[in-house]
Amino acid sequence: MKRAIFPGSFDPITLGHVDIINRALPLFDEIVIAIGINAEKKYLFTLEERTNFIRKTFSNEPKITVKTYSGLTIDFCKKLDINFILRGLRNPADFEFEKAIAQTNRKLSNIETVFLLTSADTSYISSSIVRDVLKNGGDISSLVPNSVTSK
Ligand code: ADP
(Lines give C-alpha, C1' and ligand atoms only; values in the text may rest on other atoms or scores of the structure.)
Protein backbone atom coordinates (compact mmCIF):
# COMPACT_ATOMS: atom_id res chain seq x y z
CA MET A 1 0.00 0.00 0.00
CA LYS A 2 1.34 3.40 -0.98
CA ARG A 3 0.24 5.95 1.58
CA ALA A 4 1.06 9.65 1.71
CA ILE A 5 0.55 12.46 4.14
CA PHE A 6 -0.31 15.96 2.84
CA PRO A 7 0.67 18.27 5.70
CA GLY A 8 -0.27 21.92 5.94
CA SER A 9 -2.10 24.64 7.83
CA PHE A 10 -5.12 24.71 5.48
CA ASP A 11 -6.25 28.08 6.91
CA PRO A 12 -8.42 27.64 4.87
CA ILE A 13 -8.15 24.88 2.25
CA THR A 14 -8.01 26.47 -1.24
CA LEU A 15 -8.53 25.31 -4.82
CA GLY A 16 -4.70 25.11 -5.01
CA HIS A 17 -4.69 22.42 -2.30
CA VAL A 18 -7.67 20.65 -3.92
CA ASP A 19 -5.83 20.55 -7.25
CA ILE A 20 -2.72 18.97 -5.71
CA ILE A 21 -4.79 16.41 -3.76
CA ASN A 22 -6.91 15.41 -6.76
CA ARG A 23 -3.85 14.97 -8.94
CA ALA A 24 -2.09 12.90 -6.26
CA LEU A 25 -5.04 10.52 -5.79
CA PRO A 26 -4.07 8.20 -8.70
CA LEU A 27 -0.52 7.95 -7.28
CA PHE A 28 -1.44 6.69 -3.79
CA ASP A 29 -3.78 4.17 -2.18
CA GLU A 30 -4.46 6.54 0.70
CA ILE A 31 -3.79 10.21 1.40
CA VAL A 32 -3.93 11.54 4.95
CA ILE A 33 -4.51 15.29 4.95
CA ALA A 34 -2.74 16.32 8.12
CA ILE A 35 -3.47 19.69 9.70
CA GLY A 36 -0.41 20.77 11.66
CA ILE A 37 -0.98 22.49 14.98
CA ASN A 38 1.63 25.13 15.74
CA ALA A 39 1.09 26.84 19.11
CA GLU A 40 3.01 29.92 17.93
CA LYS A 41 0.84 30.49 14.85
CA LYS A 42 -2.36 32.53 14.85
CA TYR A 43 -5.07 31.04 12.65
CA LEU A 44 -8.11 32.73 11.13
CA PHE A 45 -10.22 29.56 11.22
CA THR A 46 -10.43 27.21 14.20
CA LEU A 47 -9.01 23.72 13.94
CA GLU A 48 -12.55 22.35 13.88
CA GLU A 49 -13.56 24.65 11.01
CA ARG A 50 -10.44 23.79 8.99
CA THR A 51 -11.04 20.07 9.56
CA ASN A 52 -14.69 20.32 8.54
CA PHE A 53 -13.93 22.27 5.36
CA ILE A 54 -11.59 19.48 4.24
CA ARG A 55 -13.88 16.62 5.34
CA LYS A 56 -16.83 18.14 3.43
CA THR A 57 -14.74 18.79 0.32
CA PHE A 58 -13.66 15.15 0.11
CA SER A 59 -16.70 13.45 1.66
CA ASN A 60 -17.11 11.26 -1.44
CA GLU A 61 -13.45 10.21 -1.62
CA PRO A 62 -12.77 7.02 0.39
CA LYS A 63 -8.98 7.26 -0.14
CA ILE A 64 -8.78 10.48 1.90
CA THR A 65 -8.74 10.88 5.66
CA VAL A 66 -8.20 14.04 7.69
CA LYS A 67 -6.11 14.13 10.87
CA THR A 68 -4.47 16.75 13.07
CA TYR A 69 -1.00 16.59 14.56
CA SER A 70 1.64 18.59 16.40
CA GLY A 71 5.38 18.07 16.42
CA LEU A 72 7.56 16.90 13.56
CA THR A 73 5.82 15.74 10.38
CA ILE A 74 8.24 12.79 10.06
CA ASP A 75 7.33 11.64 13.59
CA PHE A 76 3.65 11.74 12.65
CA CYS A 77 4.46 9.76 9.47
CA LYS A 78 6.29 7.12 11.52
CA LYS A 79 3.39 6.91 13.96
CA LEU A 80 1.00 6.19 11.07
CA ASP A 81 3.56 4.04 9.22
CA ILE A 82 3.47 6.35 6.17
CA ASN A 83 6.48 6.61 3.83
CA PHE A 84 5.64 9.60 1.64
CA ILE A 85 5.07 13.31 2.23
CA LEU A 86 3.16 15.15 -0.50
CA ARG A 87 3.82 18.84 -1.10
CA GLY A 88 2.91 21.36 -3.80
CA LEU A 89 5.32 23.74 -5.50
CA ARG A 90 4.15 27.13 -6.72
CA ASN A 91 7.27 29.20 -7.28
CA PRO A 92 11.04 29.42 -6.62
CA ALA A 93 10.45 30.54 -3.02
CA ASP A 94 8.41 27.37 -2.35
CA PHE A 95 11.19 25.33 -3.98
CA GLU A 96 13.99 26.74 -1.79
CA PHE A 97 11.94 26.36 1.39
CA GLU A 98 10.71 22.87 0.54
CA LYS A 99 14.13 21.68 -0.58
CA ALA A 100 15.69 22.39 2.81
CA ILE A 101 12.83 20.71 4.67
CA ALA A 102 12.71 17.66 2.39
CA GLN A 103 16.49 17.18 2.60
CA THR A 104 16.39 17.53 6.38
CA ASN A 105 13.56 15.03 6.59
CA ARG A 106 15.60 12.61 4.43
CA LYS A 107 18.55 13.05 6.75
CA LEU A 108 16.43 12.28 9.80
CA SER A 109 14.34 9.46 8.30
CA ASN A 110 13.86 7.50 5.10
CA ILE A 111 10.62 9.26 4.32
CA GLU A 112 10.53 10.55 0.75
CA THR A 113 8.86 13.86 -0.22
CA VAL A 114 6.90 13.84 -3.48
CA PHE A 115 6.33 17.22 -5.15
CA LEU A 116 3.61 18.09 -7.60
CA LEU A 117 3.89 21.29 -9.60
CA THR A 118 0.97 23.66 -9.22
CA SER A 119 -1.51 23.88 -12.10
CA ALA A 120 -1.37 27.02 -14.22
CA ASP A 121 -4.85 28.13 -13.21
CA THR A 122 -4.36 27.77 -9.43
CA SER A 123 -0.69 28.66 -9.00
CA TYR A 124 -1.44 32.16 -7.66
CA ILE A 125 -3.76 30.94 -4.91
CA SER A 126 -2.55 30.85 -1.31
CA SER A 127 -4.39 30.64 2.00
CA SER A 128 -2.83 33.95 3.08
CA ILE A 129 -4.26 35.77 0.03
CA VAL A 130 -7.65 34.17 0.70
CA ARG A 131 -7.50 35.42 4.31
CA ASP A 132 -6.62 38.94 3.13
CA VAL A 133 -9.50 39.03 0.65
CA LEU A 134 -11.87 37.74 3.33
CA LYS A 135 -10.72 40.22 5.99
CA ASN A 136 -11.35 43.06 3.55
CA GLY A 137 -14.82 41.91 2.60
CA GLY A 138 -13.95 40.44 -0.82
CA ASP A 139 -15.47 37.44 -2.58
CA ILE A 140 -13.38 34.29 -2.15
CA SER A 141 -15.72 31.91 -3.98
CA SER A 142 -13.42 31.51 -7.00
CA LEU A 143 -10.43 30.65 -4.74
CA VAL A 144 -11.78 28.02 -2.33
CA PRO A 145 -13.99 24.91 -2.46
CA ASN A 146 -17.73 25.37 -1.70
CA SER A 147 -17.34 23.91 1.80
CA VAL A 148 -15.50 27.09 2.88
CA THR A 149 -18.03 29.59 1.52
CA SER A 150 -21.11 27.64 2.63
CA LYS A 151 -20.00 27.91 6.26
P1 ADP B 1 2.14 25.31 5.11
O2 ADP B 1 1.89 26.26 6.25
O3 ADP B 1 2.71 23.99 5.53
O4 ADP B 1 2.82 25.89 3.90
P5 ADP B 1 -0.27 25.42 3.51
O6 ADP B 1 -1.64 25.03 3.92
O7 ADP B 1 -0.04 26.85 3.16
O8 ADP B 1 0.65 24.92 4.68
O9 ADP B 1 0.20 24.53 2.26
C10 ADP B 1 0.22 23.13 2.29
C11 ADP B 1 0.82 22.61 0.99
O12 ADP B 1 0.00 23.00 -0.11
C13 ADP B 1 2.21 23.15 0.67
O14 ADP B 1 2.98 22.14 0.06
C15 ADP B 1 1.94 24.23 -0.35
O16 ADP B 1 3.05 24.46 -1.20
C17 ADP B 1 0.80 23.61 -1.10
N18 ADP B 1 0.00 24.61 -1.81
C19 ADP B 1 -0.68 25.65 -1.29
N20 ADP B 1 -1.27 26.38 -2.27
C21 ADP B 1 -0.95 25.78 -3.44
C22 ADP B 1 -1.24 26.06 -4.82
N23 ADP B 1 -1.96 27.10 -5.19
N24 ADP B 1 -0.72 25.21 -5.75
C25 ADP B 1 0.04 24.16 -5.37
N26 ADP B 1 0.35 23.85 -4.11
C27 ADP B 1 -0.13 24.64 -3.14
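Counting starts at 1 for both ligands and their atoms, following the listed order. When a residue number appears, it is its place in the shown sequence, counting from 1.
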For ligand 1, which atoms have a heavy atom of [X] less than 4.0 angstrom away?
| X | answer |
| --- | --- |
| Asp94 | 16 (O) |
| Phe6 | 11 (C), 12 (O) |
| Phe10 | 6 (O) |
| Ile20 | 25 (C), 26 (N) |

[X] side chain to [Y] backbone, donor-acceptor under 3.5 Å:
| X | Y | value |
| --- | --- | --- |
| Arg3 | Asp81 | yes |
| Gln103 | Ala100 | no |
| Tyr69 | Pro7 | no |
| Asn136 | Gly138 | no |
| Arg55 | Val66 | yes |

No-hydrogen, no-angle side-chain donor-acceptor test under 3.5 Å, [X] and [Y]:
| X | Y | value |
| --- | --- | --- |
| Ser9 | Asp11 | no |
| Thr57 | Ser147 | yes |
| Ser119 | Asp19 | yes |

Below 4.0 Å, non-hydrogen atoms only: which portion of [X] touches ligand 1? Side chain, backbone, both or neither.
| X | value |
| --- | --- |
| Arg90 | side chain |
| Lys41 | side chain |
| Pro7 | backbone |
| Thr122 | backbone |

Between ligand 1 and [X], is the shortest N or O to N or O distance under 3.5 Å?
| X | result |
| --- | --- |
| His17 | yes |
| Asp11 | no |
| Ser127 | no |
| Thr14 | no |
| Gly8 | no |

Point to revise | Between Phe53 and Phe45, ring centroids under 6.0 Å | key: yes
List the closest protein heavy-atom neighbour of [atom]: residue, atom name, distance to the nearest 0.1 Å.
| atom | answer |
| --- | --- |
| atom 16 (O) of ligand 1 | Gly88 O, 2.7 Å |
| atom 8 (O) of ligand 1 | Ser9 N, 3.1 Å |
| atom 13 (C) of ligand 1 | Arg87 CZ, 3.4 Å |
| atom 24 (N) of ligand 1 | Thr118 OG1, 2.9 Å |

**Study point:** Lys2, NZ atom: more than 12 neighbouring heavy atoms under 6.0 Å
**Key:** no
Practice item. Using non-hydrogen atoms of the residue, decide whether Tyr124 is closer than 4.0 angstrom to ligand 1. Key: no
Practice item. Salt-bridge test for Lys63 and Asp29: reply yes if a basic N is under 4.0 Å from a carboxylate O, no otherwise. Key: no
